[in-house]
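Below is one structure; the comments refer to it alone.
When reading the values below, keep in mind they use all heavy atoms of this one structure, side chains included, and skip hydrogens, waters and symmetry mates. We count residues from 1, following the sequence as given. If you're wondering where the values come from, they're calculated on a predicted model, not measured in any experiment.
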Amino acid sequence: MVRSIQYIFLLVFGVLAIIVLLKHFGITGTALTASLTALGISGIIVGLAAQTTPNDMLMESCFL
């Protein structure tokens, strides 16, 4: 029970510290949301592009 309370406290404190640092450096929520969205979309693109690569490598090794 105590360990879970410590974890929650640490999580809340970490999020608040990040918010304070972002405000200090003038990063707004809109800019942060846009950059996280761009990272998410690019991650999906890379994941979909790399999806066939392992399959192609396995198929080539089967034919050798």
What pairs of donor and acceptor atoms, side-chain ones from residues 37-47 against any protein atom, are under 3.5 angstrom apart with sequence neighbours left out?
from : atom 1 : to  : atom 2 : distance (Å)
T37  : OG1    : T33 : O      : 2.7
S42  : OG     : A38 : O      : 3.0
S42  : OG     : L39 : O      : 2.9

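Annotation: side chain to side chain contact (heavy atoms under 4.5 Å, CB included) contacts of T30 (sequence neighbours excluded): T28. Every residue two or more places apart in sequence or in another chain that forms a side chain to side chain contact (heavy atoms under 4.5 Å, CB included) with V12 is listed here: I8, L16. Remark: L22 pairs with I18, I27, L32 by the side chain to side chain contact (heavy atoms under 4.5 Å, CB included) rule, at least two apart or across chains.
Connectivity analysis of hydrophobic side chains (ILVMFWY, heavy atoms under 4.5 Å, direct or indirect) links F9 to nothing; its cluster partners are none.
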